[in-house]
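Heads up, the thing below is written out as C-alpha cells.
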Amino acid sequence: MEEKYNPIEIEKRWQKHWLDSAADATARDASKPKFYCLEMFPYPSGKIHMGHIRNYVIGDVITRYKRMRGFNVLHPMGWDAFGLPAENAAILNGTPASKWTLDNIAYMKRQIAKIGCSYDWERELATCTPQYYKWNQWFFIKMFERGLAYKKNSSVNWCAQCQTVLANEQVIEDKCWRCDSTVTKKELDQWFFRITAYAEELLAGCDTLAGWPEHVVSMQKNWIGKSTGAELDFPIENSDIKIRIFTTRPDTLFGATFVCLSPAHPLAPILAGDKERLSGIRAQYDKQDAATAQTTLGMFTGKYAVNPMNGERVPIFVAAFVLMEYGTGAIMSVPAHDSRDFEFAKAHNLPIIQVITGENGASEPLEEAYEGAGTLINSGDFTGLHNKEAILKINEYIEKNGIGVAAVKYKLRDWGISRQRYWGTPIPIIYCKECGAVPVSEGELPVILPEDIELKGVGGSPLAAVDSFVSAKCPRCHRPATRDTDTMDTFVDSSWYFVRYCSKMTEPALDKSNIEHFLPVDQYIGGVEHAVLHLLYSRFFTRVLRDLNIVAVDEPFTRLLTQGMVCKETWKCPEHGWLFPEEAQGGKCSLCKQPVVRGRVEKMSKSKKNVVTPDDLTERYGADTARVFSLFAAPPEKDIDWSDQGVEGSYRFLNRLWTLIYSNIEKLKMHKRTGSSGGPLIRKTHQTINKVTQSIERDYHFNTAIAALMELLNEASSFRPSSDEDYAALCFAVHSMLLLLSPFAPHVCEELWQAIGEKKSVFHHPWPEWDEEAAKEEEIELVIQIDGKVRAKETISAALSDNDKKAIALDNKKIVELTTGKQVKQVIVVRGKLVSIVLEK
RNA sequence: GCCGGAGUGGCGGAAUUGGUAGACGCAAGGGACUUAAAAUCCCUCGGGUUUCGCGCUCGUGCCGGUUCGAGUCCGGCCUUCGGCACCA
C-alpha cells in the first residue's frame with residue numbers, strides 16, 4: 001500500500017477494471033428484486049457541467065446502495081441527441097449535425113466515465129440513430145391509426161427570419177432566441193398528439209404519485225387545469241343562431257349582463273357591424289400575449305342576445321381577453337362577480353347586477369367584483385340559495401329545460417409535434433393526391449433522415465429541399481407522392497427512452513418480458529425544469545403504450561427526485577452580451593474594455609457562459625472528492641450556488657481515511673471484523689451504520705450521511721488502540737466505514753478494501769447491519785430543565801428508570817438551590833434524556 | 001393576482017414525532033512540527049455580560065398566540081426564489 005493517497009492513479013485503474021469486467025452490466029436476475037434507477041439523459045451539448053455531475057452522482061449513489069442491499073439494479077445512460085444546437089452548428093460552420101452530435105457524445109462519455117458512475121453501457125442509446133427513431137415513427141403510425149395523431153391548422157409562434165415554428169420556451173420577450181427578430185403568430189398545418197384524450201386519466205393519476213415531490217404533482221395538475229361548469233346557449237335576437245358559452249359559475253347566470261366573443265370566434269365577423277374595428281381588434285388579439293394583454297379592448301357588435309335564464313336582452317361584445325382556444329371561445333359576462341368582466345363593464349359602461357352576497361349582506365354599488373361565496377339575490381326562483389347549492393340546482397334546471405349542459409374543460413391542449421427543422425425524427429407520412437395523408441407502411445420503417453445535406457438556415461423545413469427524400473410512392477395506390485418534410489418535437493424521443501432501456505441494444509427494442517420485468521422506473525432523478533413537459537409527455541406515452549399492449553403499467557416513474565439546480569454568477573457586457581468569467585476580469589470586458597455588469601446567479605448553461613466543468617476538479621482532487629463534495633454541499637433537492645470553497649474539506653476527509661488505514665495496515669489485515677459488543681468505537685460504528693442507512697433511506701439526504709461518516713472517522717482517528725480487542729474494534733470500524741462510504745467514493749473504498757486484505761469487490765459485500773443494542777449509549781447526559789429552561793446537566797447511567805432520573809434531577813445541587821421555597825407542580829421525563837421540572841407560579 | 005418552496009453563525013448546512021439550537025464541513029484566529037513553506041496535528045470560533053470559575057442573558061426573517069418547553073404548532077405580516085398567469 002502506498003503511503004500517499006493518489007486519487008488519479010487509483011481511479012484510472014478501477015475505472016478500467018470495472019469497464020473491462022462489465023461490472024455494471026445488468027443481467028436479469030430473478031432471484032433478486034429489481035430496481036430501476038434512472039437519471040434524465042443529457043442533451044450532448046459538448047461538455048458535462050457540475051449540474052450533470054450532481055444529477056449522475058445522486059443516481060450512482062442510489063444505484064450502488066441498492067445493489068449492496070441485494071437489488072438487481074438497472075442503471076442505464078444514453079443521449080437525447082436530436083435538437084437545434086446540432087443544426088445550428090451545422091449552419092454556422094458546416095459540420096454535419098450527426099458528426100457534431102457523435103463527437104460530443106464521445107467527449108461527454110469520457111467525461112462521465114471519469115466520475116466513476118456505474119452505468120450499464122450495453123444499453124446506451126442515442127435518439128438520433130435510425131434504430132431508435134424508427135420506433136418514434138412506429139408509435140406515430142399506431143397513434144395515427146387510433147386517431148391519437150392528427151393534423152390540424154393551428155396558430156403557432158413563427159419566426160419569419162428563420163422560417164420556422166418556435167416552441168414557447170424559444171420565444172424570449174416576443175423575440176426569436178436565435179436571430180432576435182420579432183415572433184409572430186401564424187396559422188400552420190401541424191401534426192398533433194391527442195394528449196387531451198388522456199386528460200382525465202393523467203389528472204386522476206396525479207393522486208397515485210406518492211413518490212413525487214408535491215410541488216411537481218401540483219404543477220402537473222395545474223397544467224392539466226380541469227374546471228367543471230356548464231355550457232349554455234344564448235340565442236341571438238331576431239336570429240336562429242345561438243352563442244354557446246362556457247362558465248364555471250352557473251350560479252351567477254342572473255347577473256350576466258353581456259356576452260363576449262373572442263375576436264377569433266367564427267360568429268364575430270358575422271355579428272360585428274364595424275368590420276374595420278373588428279379586424280383592428282383581431283390584429284391586436286393575434287399579437288398579444290399575457291404581458292401585453294389589453295383587458296378592456298373590445299367592441300359592441302350592435303347585436304343582442306337573450307339571457308336564457310331570465311329572458312333579459314344582453315348586448316353582444318367582441319372582447320380581446322376572450323381566448324378562442326379555451327372553452328367555447330365565448331363567455332357570459334358577470335361583472336359583479338368576475339374582476340375581468342367588472343373592468344370591462346366599467347370601461348364600456350355596462351350594467352352591473354349583483355346576484356351573490358357575502359356575509360354582510362349589503363348590496364351597495366360594488367367597488368370591485370365579489371368573487372367569493374354567498375347567498376343568491378336577484379335570481380328568480382333561486383334567490384336565497386347558497387351559491388354552492390345553486391350551482392347544482394341551476395345545472396339541473398338548464399339540463400331539464402334544454403338551455404345547456406354540465407361540462408368539463410381542461411387547459412391542457414393537444415401536443416403539437418411538427419417542427420420545420422432538420423435534426424429530428426422524420427414524420428412517417430406520405431401525401432398522395434388521391435389518397436391524402438397516408439402513413440408509411442411498417443415494413444418501410446424507418447424513414448431515414450438524410451445525413452448528407454447542406455443546411456442554410458433559411459427557408460422552412462430543410463428536408464423540403466431534398467428531392468430524394470421528398471419524392472416517394474403512395475403506400476396505398478403506388479402513385480408518385482411526397483413525404484411530410486417536418487420532423488418531430490424532440491420531446492417525443494424522451495417520452496419512451498426509459499422503455500427502450502429495459503432491453504439491451506442487442507435485444508429487440510420492445511421485448512415485452514424485459515419491459516414487464518424492469519418497468520416502472522423505481523427512482524427517476526432530474527432537474528425540476530422538466531416538471532411539466534417531459535414528465536407529462538412521458539406519462540401520456542406510457543398510457544398510449546399501455547393501450548398498445550407494450551407496457552403493463554400506468555405510471556412510468558414511481559419515485560421522482562428533482563435535484564436542485566447548480567447555479568453560478570453570470571457576467572454581461574453591454575455590447576458583447578454574456579461573457580466567460582475570464583473575459584470579465586477586473587470588471588472590464590476583455591473585448592471592448594467597457595465595464596461589465598454582474599448578472600444574476602443562474603443555472604449553469606452554455607449560452608450564459610457560466611458553466612463549470614468537472615475537469616479541473618477531478619484532475620486536481622480526483623472523482624471521489626468531486627463526488628463527496630457535490631453531495632456534502634447540500635441536500636440533493638436544494639439549489640446551490642457553485643463555489644469550490646470547501647472542496648478541500650472533502651479531499652482532507654479522504655486523505656485522513658487513507659492515513660488511518662495506512663498507519664494501521666498490518667493490524668487491519670490480521671484482525672477479523674467483529675463488532676457486536678464493547679467499547680465506544682464499536683458503539684459509534686453501529687450508530688453510524690444506523691445514521692447513514694437512515695439518511696439514505698428516508699430522504700436521500702446524503703450530506704448528513706457523509707457528516708456521520710466524518711464523525712466516525714474523527715473518532716477512529718483519535719482512537720489509540722493498544723490491545724487486540726482495540727484492534728478488532730478499529731478493524732470493525734474501518735470495514736464498516738468503507739462499506740458505508742463506497743457508494744459515495746467508490747474508487748478509494750474499493751482500493752482500501754483490497755488493501756486491508758479483502759478479496760472480493762466492496763460492492764459485492766452486503767450493506768452492513770447495525771445492532772440496536774450495541775448502538776445504545778451506556779451513559780447519557782441528563783438535561784434538567786426548570787420551566788423549560790436548561791438549568792443543569794448530569795452524566796448518569798442510561799439504564800436508570802424514569803423515576804430514578806426524576807429523583808436524581810430533584811436531588812441535583814443546583815436544582816435544589818433553585819427550587820428551595822417553591823412548589824414543584826409537575827416533573828416530566830422526555831425520551832429518557834431530559835427531566836423538566838414545572839414550578840407552581 | 002393565484003399556487004408552491006425557502007428565510008438558522010462570516011459561509012454551506014445540522015437538529016426524525018414540540019424537549020440541550022448551531023452536528024459535520026469551510027473560512028478566520030492562535031499554537032505545535034519545519035531552516036522556511038506546503039502538508040499534517042492541537043486549540044478557539046453566534047452576540048452581550050462576567051470576578052474569565054462556573055454563571056447569567058439575548059438569539060433560528062418580523063409581530064402575536066398555544067405550551068412547563070417552539071427553529072419545529074397556530075394566526076397575522078415582511079423578504080425572497082420557483083411555477084402558472086386574460087383558462088371564463
Side-chain angles (χ1 to χ4, degrees), chain A residues 4 213-219 221-223 225-227 229 245-249 252 260 262 285 288-295 297 319-323 325-334 337-341 343-344 409-413 528-529 531-532 564-565 567 601 628-629 632-635 637-641 643-650 652-653 655-656 659 691 694-695 698-699 701 703-711 713-714 717-718 781-793 814 825-831 833-839 841:
Chain A
K4 279 204 71 178
E214 223 173 298
H215 69 279
V216 176
V217 177
S218 91
M219 278 162 77
K221 284 184 178 171
N222 212 316
W223 191 266
K226 179 180 182 175
S227 8
I245 62 100
F246 172 70
T247 181
T248 54
R249 296 293 303 273
T252 63
C260 289
S262 167
Y285 171 83
Q288 75 185 4
D289 52 37
T292 61
Q294 284 175 277
T295 52
L297 178 67
F321 77 85
V322 179
L323 301 178
E325 294 90 61
Y326 184 75
T328 59
I331 60 165
M332 66 171 197
S333 287
V334 185
H337 304 292
D338 181 287
S339 55
R340 292 156 308 176
D341 295 346
E343 219 180 305
F344 195 86
K409 298 284 175 207
Y410 300 91
K411 282 199 260 185
L412 184 69
R413 311 278 158 80
V528 72
E529 63 271 23
V532 178
M565 297 184 296
C567 302
V601 174
V628 168
F629 175 60
F632 184 61
E637 70 278 4
K638 234 189 113 135
D639 288 350
I640 50 177
D641 289 349
S643 148
D644 50 19
Q645 280 251 311
V647 69
E648 296 275 352
S650 300
R652 279 200 277 264
F653 168 55
N655 269 295
R656 295 206 297 128
T659 306
K691 220 164 166 188
Q694 296 296 327
S695 290
R698 205 171 58 232
D699 44 18
H701 277 195
N703 56 331
T704 54
I706 293 168
L709 285 162
M710 287 175 168
E711 278 190 62
L713 177 63
N714 289 347
S717 299
S718 55
E781 190 179 40
L782 186 71
V783 176
I784 309 164
Q785 293 186 338
I786 294 177
D787 290 337
K789 288 192 170 160
V790 180
R791 292 300 174 195
K793 293 174 186 178
K814 182 144 181 249
K825 195 164 113 189
Q826 201 188 349
V827 181
I828 309 156
V829 182
V830 182
R831 287 201 237 165
K833 61 178 189 181
L834 184 147
V835 175
S836 186
I837 299 162
V838 185
L839 295 180
K841 289 240 163 66

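So you know, we letter chains A, B, ... as the sequences are listed, proteins then strands, and number each from 1. Owing to the predicted nature of the structure, the values given are computational and were not obtained by experimental measurement.
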For Arg791(A), which contact category applies under a 4.0 Å heavy-atom criterion: base, sugar-phosphate, or nothing?
-> sugar-phosphate
Side chain of Ser227(A) - closest among rG4(B), rA88(B), rG25(B) | rA88(B)
Is there side-chain contact between Val790(A) and Ile784(A), with heavy atoms separated by less than 4.5 Å?
-> no
Do we see a donor-acceptor contact under 3.5 Å between the side chains of Gln694(A) and His701(A)?
-> no
Asn222(A) has a side chain; which of rC84(B), rG19(B), rA88(B) sits nearest to it?
-> rC84(B)
Quick one: closest heavy-atom pair of Met565(A) and Asp639(A), and the distance?
-> N-OD1, 2.7 Å
Among rA27(B), rC58(B), rG25(B), which is the nearest nucleotide to the side chain of Lys789(A)?
-> rC58(B)
Can you find a donor-acceptor pair, distance only, under 3.5 Å between Gln785(A) side chain and rG19(B) base?
-> yes
Side-chain contact test, heavy atoms from C-beta onward, threshold under 4.5 Å: evaluate it for Val838(A) versus Val827(A) and give yes or no.
-> no
With syn defined as a glycosidic angle within 90° of 0 and anti as everything else, classify rG30(B).
-> anti
Integer angstrom distance from the C1' of rG18(B) to that of rC68(B) = 12 Å
Which of rC56(B), rG25(B), rA23(B) is nearest the side chain of Glu711(A)? It is rA23(B)
Nearest whole angstrom, please: distance from the C1' of rA27(B) to the CD of Glu648(A).
-> 12 Å
Would you kindly give the CG-to-P distance between Leu709(A) and rA23(B), to the nearest whole Å?
-> 18 Å
Which whole number of Å gives the distance between the C1' atom of rG25(B) and that of rG61(B)?
-> 25 Å
Roughly how far apart, to the nearest Å, are rC54(B) and rG65(B) at atom C1'?
-> 36 Å
Answer with base, sugar-phosphate or nothing: what part of the nucleic acid does Lys814(A) contact at a heavy-atom distance below 4.0 Å?
-> sugar-phosphate
For Val830(A), which contact category applies under a 4.0 Å heavy-atom criterion: base, sugar-phosphate, or nothing?
-> base
Using a heavy-atom cut-off of under 4.0 Å over every strand shown, decide if Glu781(A) touches base, sugar-phosphate, or nothing.
-> base
Selection from rC24(B), rA88(B), rC68(B) that lies nearest to any side-chain heavy atom of Ser836(A) = rC68(B)
Under a 4.5 Å cut-off applied to non-hydrogen side-chain atoms, are Ser218(A) and Val216(A) in contact?
-> no
Starting at CD of Glu637(A) and ending at P of rG83(B), how long is that distance when rounded to a whole Å?
-> 18 Å
Mind checking whether Arg656(A) and Leu713(A) have side chains closer than 4.5 Å, heavy atoms only?
-> yes
Would you mind classifying the nucleic acid contact of Val322(A) as base, sugar-phosphate or nothing, using non-hydrogen atoms under 4.0 angstrom?
-> base
How far, in whole Å, is rU66(B) from rA15(B) if one measures between their P atoms?
-> 30 Å
Listed nucleotide nearest any side-chain atom of Ala707(A), set rA23(B), rG12(B), rC68(B) = rA23(B)
Do Lys833(A) and Glu781(A) meet the salt-bridge criterion of a basic N to acidic O distance under 4.0 Å?
-> no
Remember a base hit wins even if backbone is also touched, and classify Lys409(A) as base, sugar-phosphate or nothing at under 4.0 Å, heavy atoms.
-> nothing
Report the distance from atom CD of Glu343(A) to atom C1' of rG1(B), rounded to the nearest whole Å.
-> 12 Å
rC81(B) to rG75(B) separation - P atoms, rounded to the nearest Å | 25 Å
Which atoms form the tightest heavy-atom contact between Asp341(A) and Val334(A), and what is the distance?
-> OD2-N, 2.9 Å
Pull up the glycosidic torsion of rG9(B) and say syn or anti, syn being anything within 90° of 0.
-> syn
Once you round it to whole Å, what is the distance between P of rG4(B) and CD of Glu214(A)?
-> 9 Å
Do Val322(A) and Tyr285(A) pass the side-chain contact (heavy atoms from CB on, under 4.5 Å) test, and can you show the C-alpha distance, the side-chain angles, and the key distance before you say yes or no?
-> CA-CA 9 Å; Val322(A) 179; Tyr285(A) 171 83; over 6 Å; no
Residue closer to the 5' end of RNA chain B, Ala708(A) versus Phe246(A) (nearest nucleotide) = Ala708(A)
What nucleic acid atoms does Asn714(A) come within less than 4.0 Å of, heavy atoms only: base, sugar-phosphate, or nothing?
-> sugar-phosphate
Please name all residues satisfying salt bridge (Lys or Arg N to Asp or Glu O under 4.0 Å) with Lys221(A), sequence neighbours left out, ordered by chain then number.
-> Asp207(A)
On the ring face of Phe246(A), is Lys409(A) found with NZ or CZ under 6.0 Å from the centre and within 45° of the axis?
-> yes
When rounded to whole Å, the CZ to P distance for the pair Arg413(A) and rC84(B) reads 14 Å
rG22(B) and rG9(B): how far apart are their P atoms, nearest whole angstrom?
-> 14 Å
All N/O pairs under 3.5 Å across the protein-nucleotides 14-18 of chain B interface:
residue: rA14(B); atom: OP1; partner: Asn703(A); partner atom: ND2; Å: 3.2
residue: rU16(B); atom: O2; partner: Arg698(A); partner atom: NH1; Å: 3.3
residue: rU16(B); atom: N3; partner: Arg698(A); partner atom: NH1; Å: 3.2
residue: rU17(B); atom: O4; partner: Arg831(A); partner atom: NE; Å: 2.8
residue: rU17(B); atom: O4; partner: Arg831(A); partner atom: NH1; Å: 2.6
residue: rU17(B); atom: O4; partner: Arg831(A); partner atom: NH2; Å: 3.1

Distance, P atom - from rG59(B) to rU72(B), rounded to whole angstrom | 13 Å
Between Gly788(A) and Lys638(A), which is nearer to the 5' end of RNA chain B once each is assigned its nearest nucleotide?
-> Lys638(A)
Per atom distances to the Val783(A) side chain, the nearest of rC24(B), rU20(B), rA88(B) is rU20(B)
State the dot-bracket string of RNA chain B. Criteria: Watson-Crick or G-U wobble, both atom distances under 3.5 angstrom; notation: ( ) intrastrand, [ ] crossing earlier pairs, | interstrand, . unpaired.
-> (((((((..(((......[....))).(((((.......))))).((((.....))))..(((((..]....))))))))))))....
Within a radius of less than 6.0 Å around CD of Glu325(A), do more than 12 heavy atoms belonging to other residues, nucleotides or ligands occur?
-> yes
Leu412(A) CG to rC84(B) P, in whole Å, measures 14 Å
Checking rA88(B), rU20(B), rC24(B) against the side chain of Leu834(A) (C-beta onward), the nearest is rU20(B)
With a 3.5 Å cut-off and just heavy-atom distances, do the side chain of Ser218(A) and the base of rC3(B) make a donor-acceptor pair?
-> no
C1'-based separation of rG13(B) from rA27(B) [nearest Å] = 14 Å
Between rC26(B) atom P and Phe629(A) atom CZ, what is the distance in whole Å?
-> 11 Å
Reckon Lys411(A) has a side-chain N or O less than 4.0 Å from the OP1 or OP2 of rC86(B)?
-> no
Distance-only side-chain donor-acceptor flag, Ser695(A) / Thr704(A), under 3.5 Å = yes
